[in-house]
Amino acid sequence: MLKYELEAAFLAGIIELGFSQVNTITLERPKNLDFGDFASNIAFQLARDLKRAPVQIAVELTQRLADDSKLADHICFSAVNGFINMTLSDDYLWSRFTSLGEPVDFPEFPGQILLEFVSANPTGPLHIGHGRWAVIGSVMASLLRFVGANVHTEFYVNDAGAQVGLLRDSVSAVRDGKPVPEDGYQGDYIHELAKLDQDPVQVNMASQKAVLDRIGVGFDCWFSELSLHDKGAVEACMATLKEQSLSYEKEGALWFKAQSLGDEKDRVLIKADGRYTYFAVDIAYHHDKLCRGFSRLINIWGADHHGYVPRVRHAVMALPESSRLLEDGFTFCLGQMVSLRRDGEPVKMSKRTGEMITLDEVVTEIGSDATRYFMVEKSPDTHMDFDLSLAKTRSSENPVYYIQYAHARICSLLAKVGDIQLDESMGLSEPLIPKERALLLHCVKFYDEIWGCATQLQVHRLPQYTWQLARLFHHFYEVCPIIKASDSLQQQRILILLKTRFILRSCLSLMGISAPERM
RNA sequence: GCGCCUGUAGCUCAGCUGGAUAGAGCAACGGACUUCUAAUCCGUAGGUCGUAGGUUCGACUCCUACCGGGCGCGCCA
């Protein structure tokens with residue numbers, strides 16, 4: 001990892017110069033490329049301690065780094081307005097670039113991670129929101145695995161609660177020609193289910209699996225709520241809470257002492273009618289996760305459940321087994337809602353009334369690649385306006401195709417060039433022109449970017465990086481002829497093509513998007 | 001009323017630990033294909049970053065208040 005290594009080396013250099021108070025250095029990337037490849041604001045931070053002007057400090061540091069530091073072999077330092085700007089030498093950039101693809105030592109990513117996402121009730125088809133969590137979750141899993149983390153993915157199936165009962169009742173009613181129960185499920189899909197001679201819950205699960213499969217989202221485990229009840233895990237968990245004096249009885253119900261742990265009020269675990277609440281079973285599920293040895297729990301939930309997060313967090317953290325969790329080992333990623341539009345008109349989504357566009361229909365309309373791209377493209381924190389007609393009609397200007405086209409262009413060029421023996425360790429034979437340099441620099445930051453995405457769980461940065469990569473390649477393509485280049489330059493550029501394609505493929509593969517060789 | 005998310009170009013959104021002149025796509029307008037795929041590229045236009053204060057050498061980013069939008073506040077799941 002380039003930036004990571006540079007930060008360590010730069011920090012060592014700064015300490016060597018006598019600034020032992022500096023603990024960490026985070027290099028930033030200047031927005032303006034004229035300022036260099038990386039920059040440090042360390043002079044501003046030191047200014048207060050030293051009571052000197054940042055500009056002076058930067059100048060002095062820059063001089064001394066240029067004179068003494070080992071970094072000076074690879075990097076040109078310059079002080080501008082108090083910033084210390086660093087520009088990699090072309091030779092160094094080239095050597096980093098040509099070594100792309102060699103094994104990378106990421107820092108250890110500790111913990112056994114359980115990543116739970118989607119977890120939709122098996123009471124109907126998945127909608128576009130589920131699609132969003134599904135894609136975010138699967139890309140997050142890919143990213144984490146890429147950097148060496150140990151990840152287990154899980155879909156929690158609520159196959160035991162009142163809702164599945166209501167679904168079965170609704171379907172039975174339709175089968176018997178009776179009106180569906182009060183608060184029952186409506187809609188065409190209920191009538192479709194009624195025609196089948198199978199358990200509607202099983203049918204729904206199968207179709208949920210099918211559509212997730214269509215967009216390349218799979219799980220290591222589909223965890224059945226029923227299995228928790230069957231093995232007495234809920235009962236056992238309630239006993240644990242009782243042992244911890246975290247529950248009490250009142251008005252015929254069993255309550256969890258949530259308020260004393262910081263929640264707004266206490267919450268019911270067992271209702272007066274003797275049934276478990278969803279909350280109780282959810283604690284048991286998380287308890288089970290801990291008992292299975294996971295030390296880091298990540299839940300991707302729809303933001304409509306955010307009010308539910310504190311009580312689950314408090315309950316889980318109160319369990320004795322939570323001591324197995326790493327620090328900050330219980331994370332919720334809350335995805336904001338997706339509003340669907342068609343021709344600018346909002347589409348109402350309600351499972352109850354059956355008025356909805358399913359994920360399956362969206363995938364049919366715009367395809368798996370586009371669905372996946374659009375779903376990860378934006379930060380999960382933002383509400384998403386997704387216009388179906390737009391996604392479909394603008395297919396030719398779609399960012400997905402822009403990226404895929406870059407890949408196809410590379411493949412086409414390489415096919416034209418044919419088999420050429422390349423020495424991957426060859427030096428730079430011709431100076432890099434700016435468009436080449438920008439492309440190489442971006443490629444070389446790949447592992448840092450992935451590491452950032454994975455550790456900060458910021459999945460949406462990956463499509464941004466990838467789009468930028470495609471853009472830089474298209475720019476390179478415009479001004480850098482390959483077929484007609486001289487032999488040495490051609491070899492150099494073919495290597496650029498090969499390495500760029502490698503990074504592009506890596507990105508697409510992480511996002512689960514295809515990399516066509518021809519378009 | 002309380003809590004979480006959000007408010008950046010006409011539209012959809014980036015902007016990572018506060019940093020140097022606020023970015024992109026789409027839409028609009030004007031250019032580039034006898035030359036490696038024009039699903040591409042180049043250019044023009046478009047902004048008091050919701051509002052008002054505060055912290056700081058420095059704020060789209062942090063704090064406070066207010067305004068607008070979304071979601072949630074069950075012995076529902």
Side-chain angles (χ1 to χ4, degrees), chain A residues 24-32 34-35 39-41 44 47-48 53-55 80-83 85 121 123 158 160-164 166 183 225 250-255 264-265 267-282 302-310 334-337 339 344 374 377-387 390 394-406 408-417 449 452-453 456 458 460-461 463-464 467-468 470-471 473-475 477-485 493 497 518-519:
Chain A
T24 54
I25 293 265
T26 307
L27 296 181
E28 48 195 78
R29 29 174 205 185
K31 283 174 197 159
N32 189 335
D34 296 340
F35 287 133
S40 170
N41 59 3
F44 290 93
R48 190 172 303 156
V55 175
V80 183
N81 299 332
F83 292 91
N85 297 329
N121 283 348
T123 51
N158 293 117
Q163 293 302 314
V164 289
L166 200 54
D183 296 330
E225 178 189 347
K250 189 181 88 178
E251 295 163 2
L254 185 71
W255 295 72
E264 291 169 6
K265 52 184 171 184
R267 309 288 179 175
V268 171
L269 294 164
I270 302 179
K271 297 182 268 183
D273 66 4
R275 294 181 170 194
Y276 293 112
T277 58
Y278 182 90
F279 177 48
V281 186
D282 225 9
D304 51 342
H305 290 93
H306 78 263
Y308 187 66
V309 170
L334 296 174
Q336 294 296 320
M337 305 282 98
S339 348
F374 281 113
E377 184 192 29
K378 281 147 196 171
S379 159
D381 288 337
T382 64
H383 320 113
M384 195 170 143
D385 264 340
F386 192 70
D387 195 316
L390 212 61
R394 75 177 172 193
S395 60
S396 61
E397 292 102 20
N398 205 306
V400 189
Y401 297 125
Y402 183 81
I403 293 166
Q404 290 178 324
Y405 184 49
R409 269 184 153 176
I410 295 175
C411 291
S412 161
L413 275 177
L414 288 172
K416 237 170 202 128
V417 170
E449 195 60 30
C453 292
Q456 296 173 51
Q458 288 181 320
H460 69 284
R461 277 165 53 181
Q464 285 171 34
W467 186 86
Q468 182 66 16
R471 178 183 172 82
F473 169 74
H474 287 307
H475 292 174
Y477 181 93
E478 287 298 317
V479 296
C480 293
I482 282 111
I483 308 291
K484 288 178 181 166
R493 287 185 173 162
L497 291 179
R518 207 167 300 160
M519 289 176 76

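Chain letters run A, B, ... following the sequence lines, proteins first and then strands; every chain starts at 1. Small disclaimer: the values here were computed from a predicted structure and weren't measured.
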Nucleotide forming a Watson-Crick or wobble pair with rU64(B), both distances under 3.5 Å:
rA52(B)
Closest to the side chain of W255(A), out of rC75(B), rC73(B), rU37(B), is rC75(B)
Return the nucleotide paired to rG23(B): Watson-Crick means purine N1 to pyrimidine N3 with N6-O4 or O6-N4, wobble means G-U with N1-O2 and O6-N3, both under 3.5 Å.
rC13(B)
Do H474(A) and R409(A) touch side chain to side chain, with heavy atoms closer than 4.5 Å?
yes
Given rC36(B), rU37(B), rA38(B), identify the nucleotide with an atom nearest to the side chain of R409(A).
rA38(B)
Taking atom P in both rU8(B) and rC60(B), compute the distance separating them and give it to the nearest angstrom.
15 Å
Distance-only donor-acceptor test, E478(A) side-chain atoms vs rC42(B) base atoms, 3.5 Å
no
Looking at every strand, decide which applies to A47(A) at a 4.0 Å heavy-atom threshold: base, sugar-phosphate, or nothing.
nothing
Does a side-chain N or O of K31(A) approach OP1 or OP2 of rG19(B) to a distance below 4.0 Å, or not?
no
Is V281(A) close to E225(A) at the side-chain level, that is, under 4.5 Å between some pair of heavy atoms?
yes
Within less than 4.0 Å of OP1 or OP2 of rG25(B), is there a side-chain N or O belonging to R471(A)?
yes
Pairwise side-chain contact, L269(A) with W255(A), heavy-atom cut-off 4.5 Å (strictly under):
no
Ring centroid separation for F83(A) and F35(A), is it under 6.0 angstrom?
no
Please state the P separation for the pair rC4(B) and rC66(B) - nearest whole angstrom.
14 Å
Rounded off to whole Å, could you give me the CG-to-C1' distance for the L413(A) and rU35(B) pair?
13 Å
Any idea which of rU40(B), rC71(B), rA38(B) is nearest the H474(A) side chain?
rU40(B)
F44(A) atom CZ is separated from rU17(B) atom P, nearest whole Å, by 17 Å
Tell me whether the rings of H305(A) and Y308(A) are parallel (<30°), tilted (30 to 60°) or perpendicular (>60°).
perpendicular
H306(A) side chain to A303(A) main-chain N or O, any donor-acceptor pair under 3.5 Å?
yes
In Watson-Crick or G-U wobble terms, both distances under 3.5 Å, what is the partner of rG58(B)?
none
Checking contacts here: which listed nucleotide (rG19(B), rC75(B), rU37(B)) is nearest the side-chain heavy atoms of S412(A)?
rU37(B)
Between rA27(B) and rG23(B), how far apart are the two P atoms, rounded to whole Å?
22 Å
pair_partner(rU35(B)), Watson-Crick or wobble, both distances < 3.5 Å, evaluates to none
Can you tell me the distance, in whole Å, between the CD atom of Q336(A) and the C1' atom of rG3(B)?
13 Å
Using the six-membered ring for Trp and the full ring for Phe, Tyr or His, decide whether Y402(A) stacks on the six-membered base ring of rA39(B) (centres under 5.5 Å, planes under 30°).
no
From the list rU21(B), rA38(B), rC73(B), which nucleotide is the closest neighbour of the side chain of E264(A)?
rC73(B)
Distance, P atom - from rC71(B) to rU55(B), rounded to whole angstrom
37 Å
How do L27(A) and K265(A) order along RNA chain B: which one's closest nucleotide is nearer the 5' end?
L27(A)
For rC4(B), give its Watson-Crick or G-U wobble partner with both distances under 3.5 Å, or none.
rG70(B)
What about H306(A), does its side chain sit under 3.5 Å from the base of rG3(B) through a donor-acceptor pair?
yes
Once you apply a heavy-atom cut-off of 4.0 Å, does F279(A) come out as touching a base, just sugar-phosphate, or nothing?
nothing
In whole Å, measure the gap between the P atoms of rA22(B) and rG50(B) for me.
15 Å
Side chain of D304(A), base of rG72(B): donor and acceptor closer than 3.5 Å?
no
Rounded distance (Å) that lies between atom P of rC76(B) and atom CG of D282(A)
15 Å
Using the aromatic ring of F83(A) (for Trp, its six-membered ring), decide whether it stacks on the base of rA20(B) within the limits of 5.5 Å and 30°.
yes
Nearest-angstrom distance, P atom, rC57(B) to rU51(B):
25 Å
Might you point out which heavy atoms bring F279(A) and V268(A) nearest each other, and give the distance in Å?
CD2-O, 3.8 Å
N or O in side chain of T382(A) less than 4.0 angstrom from rU6(B) OP1/OP2
no
Checking one value: the base orientation of rC29(B), syn if chi is within 90 degrees of 0, otherwise anti.
anti
Does a side-chain N or O of R461(A) approach OP1 or OP2 of rG15(B) to a distance below 4.0 Å, or not?
no
H383(A) side-chain proximity, nearest of rG74(B), rC13(B), rC5(B)
rC5(B)
From the list rA20(B), rU37(B), rC75(B), which nucleotide is the closest neighbour of the side chain of P30(A)?
rA20(B)
Can you check the distance between rG15(B) and rU37(B), where both ends of the measurement are the C1' atom (answer in whole Å)?
33 Å
If only side-chain N and O atoms of H475(A) are considered, is one of them under 4.0 Å from the OP1 or OP2 phosphate oxygen of rC42(B)?
yes
Check: N85(A) side chain, rA20(B) base, donor-acceptor under 3.5 Å
yes
N or O in side chain of Y276(A) less than 4.0 angstrom from rC75(B) OP1/OP2:
no
Between the base of rU6(B) and the side chain of D381(A), is one N or O donor paired with an acceptor at under 3.5 angstrom?
no
Below the 4.0 Å mark, does rA77(B) have OP1 or OP2 next to a side-chain nitrogen or oxygen of K271(A)?
yes
When we call it a touch if two heavy atoms are under 4.0 Å apart, what does A406(A) touch: a base, just sugar-phosphate, or nothing?
nothing
Looking only at rC75(B), rA77(B), rA14(B), the nucleotide nearest the A253(A) side chain is rC75(B)
Within the structure provided, determine whether Q464(A) and W467(A) are in side-chain contact (heavy-atom separation under 4.5 Å).
no
Atom-to-atom span, CD of E377(A) to P of rA24(B) - whole angstrom:
16 Å
For a 4.5 angstrom cut-off between non-hydrogen side-chain atoms, does K378(A) reach M384(A)?
yes
